[in-house]
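Have a look at the structure below, then the notes.
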Amino acid sequence: MAVCIAVIAKENYPLYIRSVPTQNELKFHYTVHTSLDVVEEKISAVGKAMADQRELYLGLLYPTEDYKVYGYVTNSKMFRKLHNSFTDVMCNPFYNPGDTIQSKAFDGMVSVMMVQAS
Amino acid sequence: MMSPTQWDLPPELCCRPMAFVALTGLDVTYNAIHRAIWDAFCANRRADRVPISFKVLPGDHEYPKCRTKRTSYEWYIPKGILKTGWMNKHLNLVPALVVLFYELDWDDPVWKEKQSECATKVEIVRTSLQGRNTKVAVVLIQKKTPLPPGEDLVASERAASLCNACDLSGKSLFVLPHTDHLVGYIIRLENAFYEHAQTYYYTEIRRVKSHKEFLNKTTHQLLFVRHQFKIAFFSELKQDTQNALKYYRTAYSLVHELRTHETNMLEIKTMAGFTNYKICRLCFQHNTPLDAIAQFRKHIDLCKKKIGSAELAFEHTAWMSKQFQSFGDLFDEAIKLGLTAIQTQNPGFYYQQAAYYAQERKQQAAHMCAHEPVGSYPTPDPLETLSGALDFYGQRAWRQGHQSIDPPDAEKEKVGIQALQVKEKDVPHSELIIALLSNAVAQFKKYKCPRMKSHLMVQMGEEYYHAKDYTKALKLLDYVMCDYRTERWWSLLTSILGTALRCSYLMAHVKDYITYSMELIGRASTLWEDQKSRIEKNLIKVLMNEVPEAEPDCDPASAKAAQALWSDRVSLAGSNRFTIEVQDYVPFVQCKARFLSPSFHLDDPVQLHLYLKADCPHPVRFSKLCVSLSNQEYNQFCVVEESCKSQDILEPLSQENMCLVPGKTRKYSFKFVAKTEDVGKKIEITAVDLMLGTDNGRCVLLNWRGGGGDAASSHEAIQAARSFRSRGRVPEQHAQWDTVSIQASTMIISRVPKISVQLSHKPPALSNEMYCICVSIQSNEKTVAKDVKLTAGLKPGQDANLTQSTQVTLNGLEVCDESHPALLPDIAIGDLQPGEKVEKSLYVCCVTTGPRIFLFHVAYTMTTQAEGTDITCKCHKDETVTIETVVPFDVAMKFVSTKFEHLERVYVDVPFLLMTDILSASPWPLHLVSSQLLLAPTMVALDEPQSQVEHVVLQTGECASECFSLQCPPVLNGTSSVASGQYLISWKRKSSCADAPVVTTVVTLSHVMVETIPLYVHAELPSFGRVRESLPVRYHIQNRTGLVQDVEMSVEPSDAFMFSGLKQVRLRILPGAEHEMLYNFYPLMAGYQNLPLLNISLLRFPTVSGQLLRRFLPSRIFVKPQGRQAEDASIAAA
């Protein structure tokens, strides 16, 4: 189960970020932000080699001592659910691409995927 | 450098173990030869030399005593895993080999005495090494170069004798001739030493291994670890790193099999750490970095939870931190030796984790050493030992060698822990953390992790903040803040700003305090409203020159000190005016300025709107707003100023003009009339300044460069442009902030002219004619248009050749020449009253054909009013027209014979005709005034040539022809090309007025070939014949040569004629003479009839054929039918 889920715009700012409320939110934000280094590197490396067959799943971005950060995780269909929900958000005619996501449905989906705070 | 701490790994663990060989008998201080030998051993120990550490020891040096060998382990209970002195002992104290250097030549005169002295020295060394397996070797330093082995019988005999005396094997006796090749000998020697050392370590390994059979698993668990570690260490000394790694791995797993309890946890972790270090080091050395990483991960996983005593939890984190740090060091060292690391696996992560544990340690230390009644350091010092050091690694000083589960003395234990806690309080934690973080920063910088680097720098900044070094903290935070701002990670930016605000508060840095506050209450801040409210209130206090409230979470003592600093600032006069460039921040007031139009006419006032919006929780009152423009003279028109009292700042009235209500857009309009000299120039907004506070309190100028905007506004503008909301209709008065775009510059353009310029002309222009363009200018102004000037002619900027081939004049009565310009500038027209109209005719002469653009530029000045002031405007209107120039007519000419046959060439003194055709190409009727033929001297007219086309009018496509009879005088060389002359045609447009100038077009006639012929024949005959009536024909034959010519003539019979005369004759013609032949032809048939052919051949000129000569003669004649006599007369009359 996830402790933090973030959707990042292509300009690298967060469209959506939520973490389990019990822990230091800021720490997760920093973790997500620093993992963008790896995303950027991976995307630029792939971009050079084979732009067409770009694999959406970036895999394990980097291991921290306590958590594993994945980019576009597919295991347990977790990401597919998130992606579908994100697609729904994008399809909303009232959503302006690039704005932060404020959607109850998306919130709900993310909540299901997160570790439930006991 | 910090002094080594308890947690640093001992240097003997971290070094590369090398075989230890002691050299004795060398006097390196006083004996130059010995010194040279020693230097040869020490100097240049590169990688290609055997790994030995040499030491010079005196001959009677006392080596560490060897304990009596244990015969049974039955009653032996080990007190610890590894003695602290053990590694050092085998690295530096117990040699693998002792070498005795002795000066002795084979032929020494006192050989016997020397031999026994040497034997004594060997014996002394042997005694000192009692019980050890250390080998002894002897090196004889000799002055003479030895003979090849076997040749020197004395040498071999004496060597054997010496070995016997010293109880040495032959392999342990060496000879070192002190000659030129010292280094070579030394290298051979040390290789031999190395072999001895290896044998020694091998036996040591065997010795330790042999203990194993005596051990039992219940009481000797510690020894299992110890022995494996020792075997591994000896293997390293033996340079057998593969086996060393194997034994260290065994030792490592044995460490974790030990029974753990609180009292031995530290010892186990220490040994695990040592062994792990050795394993990782060897893995990197073997170039298997993944093994090293895997081992380290395993190590951390196994040890992470082994915290040990809860009261000393900080010890565990300190140890963890050290584990990560030393692994990072190993990793980094391996990279320096050529290993490649990657972004996601580099030493930085280990340093970062080390820093993380160091931070944990600091927190635990603060926690444990604060709430416990730690008190003062206990006496006597429980950490003091007799030797000053511990016997075993990782044990407690107050209960060394104790291995049972419970501490022997609870009181001693308590005091010991207290001592450790007191000591921990003095550890410079922040310093440690910052050092580790900066190590990590250096690594992440190298491996392209800018965000990780920033994150670590934030942590460093925060650590400096905790260490109360606010200046350094701010420096770091300021450095990374803009990265987070440009990446729009507002939550992180807010957190950093919070720390920065606290720093600036604690230092009472007013400007920084204002800068950070202003961003924290702005739209980029993710703070809650109540927090923002608190900060804004503090900001207002600062503006009022009061002391702000302390930031929460500040250390109370520091906050108190800060209050004092602030009070000093308040009392300090001056330096109360701050300008803050807000462009690169996200301040709480947003600003956008726009000119209403990208250009303004001079007579329209320039309009500028300035929009302000506050994002803070409470309304703010400002005292001045001014816009700076590139022409500073206009600045005075773009100011809003209203001084305010303190009360206004504290409780601004929201309806007031100078008050910004949160979330509401406020618009300020400015208007000014541009200066005449700014026409054609750009006016730019260079800055917008918003003054907060008062002149007598503190005063802060928020300064935006250009037309406003800040670090976040460009992205917001893009989003707004994409948004569906922007497409909706918005009432003008509620202009939505997002829809306002910045327009920071405008152009001043001249006033729109109210004048009409009309052109009338008849295109196309004919080349060389004086083409008339009529310009009519009419003023539609309401006042007098003064000083009207017309500039007319070829528009500049076209092909340069056009300037040469175009002339313009106002005088249409004479044809232009090249002295006339292509453009007539500033033709004065005078003043034009409202409605007045003026006409001007312009004559253009275009020499070449093709299109040309003509410009008619009318400029004038007039006075008008804008915003109640008179302004003088310069207006101008441009009209352009493209005019095509065409040729008026085409002239064709040809030479024909008198028989109107086309002539390739003409003959000397033979008449011919020149025919000219003038074909009109003009769409307008042309009046040909006259034409003239100017003949070249090589041609003469047979009669006075007169123009045959005078006053002919040619319509489009019509053709006028003329014909001239000419003859060429004799030429030199028989044949040559001669000029014909020129043909002049004078013409004008039919439509032009009578006094319009006549244009003369000159056509150069083509050259023609002239040929001299030797014989000329021409016939004289009536214009027609009549059937059955005599037709006399006279042929004249001229000899045009200087010679007598024999001519043969014959007339061929013809069906149409009978004739009389000489049918065939041969005659002679004298030079220049002419012969006449008369024939009487008698036509037999009517109609065009071919005359009987006259064949002439010149005997001297066979080339001159009858055919050529026949061209001069008529070939046929019209024969009329025989008529009645009466009709004859009527025909003749007709």
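In what follows, every chain begins at residue 1, and chains take the letters A, B, ... in the order their sequences are listed. This structure is a prediction, so every number in the text was calculated from the model and none was measured.
Atoms CD and SG, from A:E41 and B:C449 in turn, are 8.0 Å apart once rounded to the nearest 0.5 Å. Note that CH2 of B:W490 and OG1 of A:T100 are 12.0 Å apart. Values are rounded to the nearest 0.5 Å. Within the model, atoms OG1 of A:T34 and NZ of B:K453 stand 14.5 Å from one another, a figure rounded to the nearest 0.5 Å. Between atom CG of residue A:N96 and atom CD1 of residue B:I718 there is a gap of 11.5 Å, rounded to the nearest 0.5 Å. Atoms OH and CD, on A:Y30 and B:Q459 in that order, are 8.0 Å from each other to the nearest 0.5 Å.
With a 4.5 Å cut-off on side-chain heavy atoms, A:H33 and B:M452 do not count as touching.
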For B:T486 and A:Y13, run side chain to side chain contact (heavy atoms under 4.5 Å, CB included): C-alpha distance rounded to whole Å, both residues' side-chain angles, the deciding distance at 0.1 Å, then the answer.
-> CA-CA 9 Å; B:T486 42; A:Y13 65 90; over 6 Å; no
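Contacts of B:Q343 with chain A are made by side-chain atoms alone, with heavy-atom separations under 4.5 Å and no backbone atom involved. In this structure, no portion of B:Y447 lies under 4.5 Å from any heavy atom of chain A. Residue A:E25 does not touch chain B at all, counting heavy-atom pairs closer than 4.5 Å.
Looking only at atom types and distance, the side chain of B:H715 has no donor-acceptor partner in the side chain of A:E11 under 3.5 Å away. A donor-acceptor contact under 3.5 angstrom links the side chains of A:D99 and B:Q719, judged on distance only. A side-chain donor-acceptor contact under 3.5 Å links B:S491 and A:H29.
Judged by distance alone, the side chain of A:D37 and the main-chain N or O of B:R451 form a donor-acceptor pair under 3.5 Å.
The neighbour count for B:K448 NZ, taken as heavy atoms of other residues, nucleotides or ligands under 6.0 Å away, does not exceed 12. For OH of A:Y16, the number of neighbouring non-hydrogen atoms (other residues, nucleotides, ligands) closer than 6.0 Å is greater than 12.
In plain terms, the two heavy atoms of B:W489 and A:I17 that are nearest each other are CZ3-CD1, 3.9 Å.
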